[in-house]
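Worth knowing before you read on, the calculation uses all heavy atoms, side chains too, and leaves out hydrogens, waters and symmetry mates. Not measured: the values here are computed from a predicted model.
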Amino acid sequence: MIGFIGGGNMAEAIIKGIKDMASHHIKDIFVSEPSKQRRLYIESTYAVSTTDNNKELAAKADIIVIAVKPQIISALAEELASVDISNKTLVSIAAGVSISYLRQALKTANVIRVMPNTPALVLKGMSVIAAAEGVSPQTLEVVTNIFSSIGKTLILPEAQMDAVTAVSGSGPAFVAFFIQSMIAGGISLGLDAQTASVLALQTLAGTSELLCQRSPEDVIKMVSSPGGTTVAGLKVMQESDAAGLIANVLRAAATRSAELNIKITGQ
Ligand SMILES: NC(=O)c1ccc[n+]([C@@H]2O[C@H](COP(=O)([O-])OP(=O)(O)OC[C@H]3O[C@@H](n4cnc5c(N)ncnc54)[C@H](OP(=O)(O)O)[C@@H]3O)[C@@H](O)[C@H]2O)c1
């Protein structure tokens, strides 16, 4: 049985993915969630069992997915102190909470840390997985399969999690900001809001498909003709060091991820 502590957005995306993937061996899903309204919604939408009791869930589940906000983890560890979970697999999706902290706070060695992202809600997520030393290949495979049901997965060393959090974790907000700015720019050129939005969104969707087959350099070359409109726009990007700005944005997010880990775990 797989149990989710916290039945919020990300837990829901993963449950949806598991349910949609008919080939999954996971038959039983259990969710622990304080909000009654949310429990009723999860039960009726996904036909899974729910509880408001984290201890009950931790005792019953073989794989425990921690899907609460990072700030809640230390209180959760105290709450679960009386439950022996040392023989269970603990999967944490909490941003900025290290494997070593989870191992020590929740008293289990079998810990896997995952950084999914919001497009998981439309089953196009990017989940990066880091396993604690000693986690068996079989356990890693089971967990990888779960996250494969909500998009792509990649197994990386935990040391890369701050960079991962910046690029794919926070990335959807940065891409959305770019599109928001394209829409505003289109409106300022005289387009109505709906038209600007359709043009920007379809350009995003089409370009992201194209980028699965061609490199960013190729796409830039394909659109740019000498002395043309794209080159005029790209010149402004180069002169304002847009690449440097994006690097700074990612650096700030990665730095914050490292700071949050220290704040939450004290390590
Ligand atoms: N969303 C993302 O893009 C994203 C990406 C990567 C990682 N994550 C990580 O995923 C985790 C969950 O994020 P989310 O976006 O799904 O947040 P969320 O929608 O707020 O979900 C958290 C859920 O946990 C419930 N909860 C609160 N205290 C609890 C407790 N003591 N025991 C059990 N459940 C409790 C909350 O209920 P109430 O609302 O009633 O308090 C809420 O339903 C976070 O650690 C976040 O860092 C999220």
Side-chain angles (χ1 to χ4, degrees), residues 2-17 31-34 38 54 63-80 89-106 108 110-132 135 140 143-144 146-177 246-267:
I2 181 167
F4 291 82
I5 299 189
N9 290 316
M10 202 42 84
E12 181 178 355
I14 302 167
I15 293 165
K16 185 177 188 310
V31 181
S32 166
E33 161 64 42
R38 186 78 188 154
N54 291 334
I63 300 174
I64 302 169
V65 180
I66 298 199
V68 294
K69 295 282 185 209
Q71 296 79 350
I72 288 172
I73 298 215
S74 64
L76 180 68
E78 278 177 32
E79 190 186 344
L80 297 183
T89 298
L90 190 80
V91 178
S92 166
I93 62 167
V97 182
S98 65
I99 289 174
S100 66
Y101 175 81
L102 292 162
R103 274 182 138 177
Q104 167 240 308
L106 286 136
T108 176
N110 226 11
V111 173
I112 296 181
R113 180 176 166 190
V114 184
M115 173 50 63
N117 70 1
T118 320
L121 294 169
V122 290
L123 309 183
K124 298 263 182 190
M126 177 71 241
S127 300
V128 174
I129 300 170
V135 168
L140 190 56
V143 172
T144 304
I146 291 169
F147 285 89
S148 297
S149 68
I150 53 166
K152 273 195 180 177
T153 58
L154 205 56
I155 297 172
L156 289 176
E158 190 187 18
Q160 295 187 9
M161 274 300 187
D162 293 331
V164 164
T165 302
V167 177
S168 58
S170 299
F174 304 144
V175 173
F177 181 88
I246 292 164
N248 285 340
V249 166
L250 295 185
R251 193 169 302 114
T255 303
R256 187 66 188 140
S257 169
E259 285 168 2
L260 282 176
N261 182 38
I262 293 168
K263 195 172 158 204
I264 293 162
T265 69
Q267 294 167 358

Inset, instruction - Take V128 and M161 through the test side-chain contact (heavy atoms from CB on, under 4.5 Å) and record every step on the way to the result. - result: CA-CA 8 Å; V128 174; M161 274 300 187; 4.1 Å; yes
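Residue R103 holds its CZ atom at 13.5 Å from OG of S92, rounded to the nearest 0.5 Å. Atom CD1 in I112 sits 11.5 Å away from atom CG in L102 (nearest 0.5 Å). Atom-to-atom distance recorded for F4:CZ and I15:CD1 is 4.5 Å, nearest 0.5 angstrom. Atom CG of L76 sits about 13.0 Å away from atom CD of Q71, to the nearest 0.5 Å. To the nearest 0.5 angstrom, D162 atom CG is 10.0 Å from E259 atom CD. The line from CD1 of I150 to CD1 of I14 is 4.5 Å long, rounded to the nearest 0.5 Å.
Of all heavy-atom pairs spanning M10 and I93, the tightest one is CG-CD1, 3.3 Å. Shown here for P70 and A95, the closest heavy-atom pair between the two residues is CG-O, 3.4 Å. L123 approaches S149 most closely through the heavy-atom pair CD2-O, 3.9 Å. Nearest approach of G6 to A11, heavy atoms of both residues: O-CB, 3.2 Å. Looking at every heavy atom in both residues, S98 comes nearest to E158 through CA-OE2, 3.3 Å. Nearest heavy atoms, V135 versus V111: CG2-O, 3.7 Å.
Side chains of N9 and T118 form no contact here, defined as non-hydrogen atoms less than 4.5 Å apart. Side-chain contact between M115 and Q160: absent, with no pair of heavy atoms (C-beta onward) separated by less than 4.5 Å. Under the 4.5 Å side-chain criterion, counting only non-hydrogen atoms from C-beta, L106 is in contact with I66. Contact check for F174 versus L250: side-chain heavy atoms found under the 4.5 Å cut-off. Within the 4.5 Å cutoff, the side chain of I73 has heavy atoms near those of the Y101 side chain.
Just one residue in the list V31, L90, L80 forms a side chain to side chain contact (heavy atoms under 4.5 Å, CB included) with I5, and that residue is L80.
No donor-acceptor pair under 3.5 Å is formed between the side chain of S257 and the backbone N or O of A253. With hydrogens and angles disregarded, no donor-acceptor distance shorter than 3.5 Å links the side chain of S170 to the backbone of A166.
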